[in-house]
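Scroll down for the structure; my scribbles are underneath it.
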Amino acid sequence: MIEEQNFITVSQLGNYIKNIFDNEEMLHNISIFGEISAYKLYRGDTAYFTIKDEEANIDCVMFGANKLDFQPQIGESVIVKGSPNYYVKGGKLNFNVKNMIAYGKGALYLKFLQLKEKLEKEGLFKEEYKKVVPNNAINIGVATSLQGAVLQDIKNVSYRRNAGVNLFVYGCRVQGLKADETIIEAIKELDKLNLDVIIVARGGGSSEDLDCFNSEKLARVVFDCKTPIISAVGHETDFTIIDFVADKRAPTPSAAAEIVVANVTEQVQLLTKLLNRLYISLNREIMQKKRECEIDLQKNYVYLVNYIQSVKQKLLINLNKLERYENEFLININNKYKLLCQALEKSNPLIIMSRGFATIEDISGKKINSINQVQKGQQISINLIDGQIQALINEIDKEKKYEF
């Protein structure tokens, strides 16, 4: 039996249920995958629709639905993002949609979005971690299937642009079960070779075909690779997880080869043009310098001839002066010589002695210049111009002086 005191009102229950949904953070901004089973656009911008799967359905409302980049269709698979909301007055649970994207491949795309969001939050897509991909690589690793046109396209483009490149190809499966493991093996082995860059490539295909490139394990191997990696998977409109982790994305495998291999032919042509321009410029400069040198040489020749003539004139003048100085010097020397000879002749003892003078010596041959050097009875020698006289001093008179 129900007791009258133990009850709550419908409003209380409705508000309680609403508070549960409003306060549960795990239910805010969630993504739901399902199929549109009803769709009605109200007043041109508010959509009311239902999404369902095999076992359940939920009513949705979206404001601003006219801004979607596609027209939702009944039976189309979509992913909606938003939060559940319990409408108390109507006693109904709705899902308020903030965004909706078309999804033709179902769970694969949902898995792709979830992994992309996870890795993006971890920072694996940040530009600061991306290595510089060279544009003039010589040693290039290629991880792709050995069958098909992709490998041949990369070879053709690479060798056409630069015949000197070295391609190190490591074959791997690029679709199917455990294909990601063979791609991982190829990247790891190529990374050991210290190459300039690694191209991971395959051609276009369905989402299922490209799903091996959405592997989380593969994404982390690409991120940890020390060699720059360029992703060239599918067509330009195809995106996989590896495209976001790689250091660079190329729209096609051929484009990847064009990015990393320098066009040597164009560079040679450009270099040839530059060399020709340099040759013309240098030749023009040489001719100009040659003309300037010829003019300078002519000027210098005239200057040198004039200088030589001037020096020659000065030398002749100086030579004449030197000859005059020489004659004057010889005359002076000759006059001085004659005077010296005359002086010497006057000082010649023999000449003096010829005039009646004599020298006196004692018996030992010592010259006697003073009366104080002799004494009475001393024997002396008297030297005349024509002989010697031996004499004996009889008397010494100090008072008597000789007068000339």
Exercise. Please round to the nearest 0.5 Å and tell me the distance separating atom CD1 of Ile317 and atom CG of Leu322.
Key: 13.5 Å

Exercise. Decide side-chain contact (heavy atoms from CB on, under 4.5 Å) for Lys188 and Ile184; before the verdict, give the C-alpha distance in whole Å, the side-chain angles of both, and the deciding distance to 0.1 Å.
Key: CA-CA 6 Å; Lys188 287 184 175 180; Ile184 289 171; 3.8 Å; yes

Quiz item: Among side-chain atoms of Asn327 and Glu323, is any donor-acceptor pair under 3.5 angstrom?
Solution: no

Quiz prompt | Whether Glu122 side chain and Leu124 backbone form a donor-acceptor pair below 3.5 Å | solution = no

Quiz prompt | Test side chain to side chain donor-acceptor pair (under 3.5 Å) applied to Asn369 and Gln373, step by step | solution = CA-CA 7 Å; Asn369 300 319; Gln373 292 178 264; 4.7 Å; no

Quiz item: Can you list every pair that meets side-chain hydrogen bond (donor to acceptor under 3.5 Å, both in side chains) and has a residue in residues 291-305, with sequence neighbours left out?
Solution: Gln288-Arg291, Gln288-Glu292

Exercise. Could you tell me which non-hydrogen atom of Arg220 sits nearest to which non-hydrogen atom of Leu119, and how far apart they are?
Key: NH2-CD2, 3.7 Å

Quiz item: Any sub-3.5 Å donor-acceptor pair from Asp191's side-chain atoms to Ile187's backbone N or O?
Solution: no

Exercise. Provide the closest heavy-atom pair for Ile154 versus Ser158 in the form atom of the first, atom of the second, distance.
Key: O-OG, 2.7 Å

Exercise. Grab the two heavy atoms, one from Leu151 and one from Ser145, that are nearest each other, plus how far apart they are.
Key: CB-O, 4.0 Å

Exercise. Using atom types as modelled and distance alone, determine if a side-chain donor or acceptor of Asn139 lies under 3.5 Å from a backbone N or O of Leu195.
Key: no

Quiz prompt | Student check: side-chain heavy atoms of Val200 and Ile242 closer than 4.5 Å | solution = yes

Exercise. Mind running side chain to side chain donor-acceptor pair (under 3.5 Å) on Gln71 and Gln73 for me, showing each step along the way?
Key: CA-CA 6 Å; Gln71 180 62 46; Gln73 302 292 330; 5.7 Å; no

Exercise. Applying side-chain contact (heavy atoms from CB on, under 4.5 Å), run through Arg43 and Thr46 and close with a yes or a no.
Key: CA-CA 6 Å; Arg43 292 184 178 177; Thr46 303; 5.7 Å; no

Quiz item: So among Asp243, Thr240, Asp180, which one has a side chain to side chain contact (heavy atoms under 4.5 Å, CB included) with Phe213?
Solution: Thr240

Quiz item: Just wondering, more than 12 heavy atoms not from Lys226 lying within 6.0 Å of its NZ?
Solution: yes

Quiz prompt | Note, Gln152 side chain near Asn156 side chain (heavy atom, < 4.5 Å) | solution = yes

Practice problem: Enter the distance from Glu285:CD to Asn283:CG here, rounded to the nearest 0.5 Å. | Solution: 10.5 Å

Quiz item: Does Gln12 use its side chain to pair, donor to acceptor, with the backbone of Thr9 at less than 3.5 Å?
Solution: yes

Residues 78-100, side-chain donor-acceptor partners within the protein, below 3.5 Å, at least two apart:
{"unit_1": "Ser83", "atom_1": "OG", "unit_2": "Asn29", "atom_2": "N", "d": "3.0"}
{"unit_1": "Asn85", "atom_1": "OD1", "unit_2": "Lys18", "atom_2": "NZ", "d": "3.0"}
{"unit_1": "Lys92", "atom_1": "NZ", "unit_2": "Asp59", "atom_2": "OD2", "d": "3.1"}
{"unit_1": "Lys98", "atom_1": "NZ", "unit_2": "Asn29", "atom_2": "OD1", "d": "3.3"}

Quiz item: When you look at Lys192 and Glu189, which way does the salt bridge (charged side-chain N to carboxylate O under 4.0 Å, His left out) test go after all the steps?
Solution: CA-CA 5 Å; Lys192 297 176 183 178; Glu189 292 301 317; 3.2 Å; yes

Quiz item: With a 4.5 Å limit on heavy-atom distance, are the side chains of Ile183 and Cys212 in contact?
Solution: yes

Quiz item: Quick one: are Asp362 and Gln378 in side-chain contact, heavy atoms under 4.5 Å?
Solution: yes

Exercise. Take Lys130 and Asp247 through the test salt bridge (charged side-chain N to carboxylate O under 4.0 Å, His left out) and record every step on the way to the result.
Key: CA-CA 5 Å; Lys130 296 189 182 298; Asp247 299 297; 5.8 Å; no

Self-check item: Intermediate values then yes/no, side-chain contact (heavy atoms from CB on, under 4.5 Å), Ile229 and Val197
Solution: CA-CA 6 Å; Ile229 289 184; Val197 67; over 6 Å; no

Practice problem: Kindly check if the number of other-residue, nucleotide or ligand heavy atoms within 6.0 Å of CD (Glu54) is above 12? | Solution: no

Exercise. With rounding to the nearest 0.5 Å, note down the distance linking OG in Ser281 to CG in Leu274.
Key: 12.0 Å

Quiz prompt | Geometric cation-pi criterion Lys40 and Phe49, 6.0 Å radius, 45° cone | solution = no

Quiz item: Can you tell if the side chain of Asp196 reaches within under 4.5 Å of the side chain of Ile140, non-hydrogen atoms only?
Solution: no

Exercise. Return yes when atom CG of Asn194 has more than 12 non-hydrogen atoms of other residues, nucleotides or ligands closer than 6.0 Å, and no otherwise.
Key: no

Quiz item: When rounded to the nearest 0.5 angstrom, what is the spacing between CG in Leu27 and CG in Asn23?
Solution: 10.5 Å

Quiz item: Taking the side chain from Asn335 and the backbone from Ile331, do they hold a donor-acceptor pair closer than 3.5 Å?
Solution: yes

Quiz item: If we only count heavy atoms from C-beta on, is the Lys289 to Ile286 side-chain gap below 4.5 Å?
Solution: no

Practice problem: For residues Gly205 and Leu210, report the shortest heavy-atom separation together with the two atoms involved. | Solution: O-CD1, 4.0 Å

Quiz item: Do the side-chain N and O atoms of Tyr170 and Glu185 include a donor-acceptor pair separated by under 3.5 angstrom?
Solution: yes

Exercise. Mark yes when over 12 heavy atoms from residues, nucleotides or ligands other than Lys52 sit less than 6.0 Å from its NZ; otherwise mark no.
Key: no

Quiz prompt | Residue pair Ile360 / Lys367, side-chain heavy-atom distance below 4.5 Å | solution = no

Exercise. Starting at CG of Leu113, measure out to OG of Ser31 and round the result to the nearest 0.5 Å.
Key: 7.5 Å

Quiz item: Where do Val174 and Arg202 come nearest, in terms of heavy atoms and distance?
Solution: O-NH1, 3.0 Å

Self-check item: More than 12 heavy atoms from other groups under 6.0 Å of OH on Tyr307
Solution: no

Self-check item: Distance-only polar pair, side chains of Ser77 and Glu35, donor-acceptor under 3.5 Å
Solution: no

Quiz item: Do the side chains of Lys376 and Asn394 get nearer than 4.5 Å, heavy atoms only?
Solution: no

Practice problem: Determine whether more than 12 heavy atoms belonging to other residues, nucleotides or ligands lie under 6.0 Å from atom OH of Tyr16. | Solution: no

Self-check item: Neighbour count >12 (heavy atoms, 6.0 Å) for atom CD1, Ile363
Solution: no

Exercise. Starting from the C-alpha separation in whole Å, work towards a yes-or-no answer on salt bridge (charged side-chain N to carboxylate O under 4.0 Å, His left out) for Lys118 and Glu216.
Key: CA-CA 10 Å; Lys118 175 184 177 181; Glu216 179 177 353; 3.0 Å; yes

Practice problem: Cation-pi check, Arg324 to Phe329: give yes when NZ or CZ is under 6.0 Å from the six-membered ring centre and within 45° of the ring axis, no otherwise. | Solution: no

Quiz item: Going from CD1 on Ile308 to CG on Leu315, what distance comes out if it is rounded to the nearest 0.5 angstrom?
Solution: 11.0 Å

Cut-off 3.5 Å, no hydrogens considered: what does the side-chain donor-acceptor table look like for residues 252-264, sequence neighbours left out?
{"unit_1": "Thr252", "atom_1": "OG1", "unit_2": "Ala255", "atom_2": "N", "d": "3.1"}
{"unit_1": "Asn263", "atom_1": "OD1", "unit_2": "Thr265", "atom_2": "N", "d": "3.3"}
{"unit_1": "Asn263", "atom_1": "OD1", "unit_2": "Glu266", "atom_2": "N", "d": "3.1"}
{"unit_1": "Asn263", "atom_1": "ND2", "unit_2": "Glu266", "atom_2": "OE2", "d": "3.2"}

Practice problem: Of all the heavy-atom pairs spanning Phe244 and Lys116, show the shortest one and how long it is. | Solution: CZ-CE, 3.5 Å

